[in-house]
K.L.:
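The structure under discussion is supplied below as structure tokens; questions concerning it will follow.
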Amino acid sequence: MSVQKATAIARANIAFIKFWGQRDAELNLPANSSLSMNLAGLTTITTVEFSPDYDDDLVSLDGREARGEARQRIVAHLDRVRAMAGLQVKARVISENSFPVGAGLASSASGFAALSLAASRAAGLALSERELSILARFGSGSACRSIPGGFTEWTAGTSSEDSFARQIAPPEHWELRDVIAIISRAHKPVGSIKGHALAPSSHLYQARVASVADRLAQAKAALLEKDLATLGPLIEEDAISMHAVMMTSRPPIYYWLPGSIQLIHQVQSWRAEGLEVYFTFDAGPNVHLICQAADQAEVERRLRDIAGMLEVIVSGPGPEARVVESF
Ligand code: PMV
């Protein structure tokens with residue numbers, strides 16, 4: 001075993017066309033393909049060291065030792081890497097997020113992308129981008145989109161081998177911005193693992209899945225043409241479609257808070273005034289406002305003026321997951 005320790009960096013991503021619901025939970029194969037932008041400003045840096053000196057896997061997340069389910073998910077991912085590398089030794093994992101802890105932003109995409117790269121490299125494996133994306137998918141579906149850089153598409157595929165993300169345009173392709181309005185830092189009522197499993201119980205689910213391919217093709221073409229007037233409404237439609245499925249699942253999941261709805265209306269009136277900005281959501285109440293770089297300062301300013309706004313985080317398109325250091 002030559003390399004035993006490696007550090008990798010990966011970015012979170014915001015989906016323009018979302019993943020919500022699986023056709024195979026064990027392999028984490030999605031019901032539909034999805035499209036996203038990596039977020040340069042939202043990073044996870046993870047170091048993994050395999051050593052015979054450790055009696056058990058030690059996991060530190062943002063300076064605190066992980067326990068319970070959070071630790072278990074990471075240990076299961078280390079087990080996948082150990083199985084691939086034929087390795088038996090335990091590991092020490094140290095992971096730090098650049099974005100504020102507990103800001104209600106999903107860290108699983110950047111987290112599992114960085115973990116996949118650091119752990120595989122530390123285990124002596126030299127995986128291709130495709131293999132890394134597939135490995136990251138097992139940790140968290142959206143993590144497979146944080147392996148390639150820029151704007152990426154996760155093709156649903158027909159099996160585990162062809163369900164991975166590819167770059168459709170590099171980060172420099174388009175100076176888009178995700179201006180994130182943090183209106184709540186509370187923990188999600190239902191995590192995405194449970195949410196994906198509940199999705200098929202919604203009577204809207206089949207209709208959503210059937211409508212995604214068309215929307216994705218249109219969104220991808222608009223993205224490649226840098227046509228925000230076409231892309232924006234598709235981003236909003238897809239986010240609303242996903243939340244409609246969430247709210248009609250049995251039991252229903254309500255991620256929105258009054259402030260989320262307030263911002264939907266706000267964005268519409270700002271647009272009517274000529275400010276080109278669109279909203280989207282992940283599985284949470286915080287609002288992601290998508291605009292071009294030239295409008296970022298104005299969007300930010302208007303958000304900061306809203307009563308109850310806890311924080312505004314801004315990011316442009318980010319690069320691929322990278323090894324920072326290996327020993
Ligand atoms: O990667 P997961 O299992 O946390 O699911 C991601 C779910 C959403 O963030 C709501 C949508 C997406 O495609 O990123």
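Whatever order the structure lists ligands and atoms in, that order sets their numbers, starting from 1. All values reported here derive from a predicted model rather than from experimental measurement. Values below: all heavy atoms of this structure, side chains included; hydrogens, waters and symmetry mates excluded.
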K.L.:
When you measure from the side chain of Ser110 to the backbone of Ala10, do you find a donor-acceptor pair of N or O atoms at a distance under 3.5 Å?
P.N.:
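Flag not set: sc Ser110 to bb Ala10 has no pair under 3.5 Å.
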K.L.:
Give yes or no for whether the N/O distance cutoff of 3.5 Å, strictly under, is met between Lys18 and ligand 1.
P.N.:
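Such a contact does not occur with ligand 1.
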K.L.:
Are any of the N or O atoms of Ser192 closer than 3.5 Å to those of ligand 1?
P.N.:
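Yes, Ser192 has an N/O under 3.5 Å of an N/O on ligand 1.
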K.L.:
Does Glu69 pair with Arg73 as a salt bridge, N-O distance under 4.0 Å?
P.N.:
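No, no charged N to carboxylate O under 4.0 Å.
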K.L.:
Can you list the ligand 1 atoms lying under 4.0 Å from a non-hydrogen atom of Ser140?
P.N.:
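Checking each atom against Ser140, I get 1 (O), 2 (P), 4 (O).
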K.L.:
Looking only at N/O atoms, are Met242 and ligand 1 under 3.5 Å apart anywhere?
P.N.:
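No: no nitrogen or oxygen of Met242 is under 3.5 Å from one in ligand 1.
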K.L.:
Applying side-chain hydrogen bond (donor to acceptor under 3.5 Å, both in side chains), can you list everything that pairs with Glu131, at least two apart in sequence or on another chain?
P.N.:
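Only Ser128 meet the side-chain hydrogen bond (donor to acceptor under 3.5 Å, both in side chains) criterion with Glu131.
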K.L.:
Looking at Asp162 and Arg130, is any side-chain nitrogen of the basic one under 4.0 Å from a carboxylate oxygen of the acidic one?
P.N.:
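So Arg130 does not pair with Asp162 through a salt bridge.
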K.L.:
Does a side-chain N-to-carboxylate-O contact under 4.0 Å join Asp305 and Arg302?
P.N.:
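No, Asp305 and Arg302 are not salt-bridged.
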K.L.:
Using a strict 4.0 Å cut-off to heavy atoms of Ser108, name the atoms of ligand 1 that fall inside it.
P.N.:
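Near Ser108, meaning under 4.0 Å from one of its heavy atoms, ligand 1 has 4 (O).
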K.L.:
Could you tell me whether some N/O pair between Ser34 and ligand 1 is separated by less than 3.5 angstrom?
P.N.:
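For ligand 1, there is no N or O atom that lies under 3.5 Å from one belonging to Ser34.
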K.L.:
Examine distances only and state if a side-chain atom of Asp62 and a backbone atom of Asn97 form a donor-acceptor pair shorter than 3.5 Å.
P.N.:
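Answer holds: yes.
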K.L.:
Heavy atoms only, cut-off 4.0 Å: how does Ala15 contact ligand 1, side chain, backbone, both, or neither?
P.N.:
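Looking at Ala15 and ligand 1, just side chain atoms fall under 4.0 Å.
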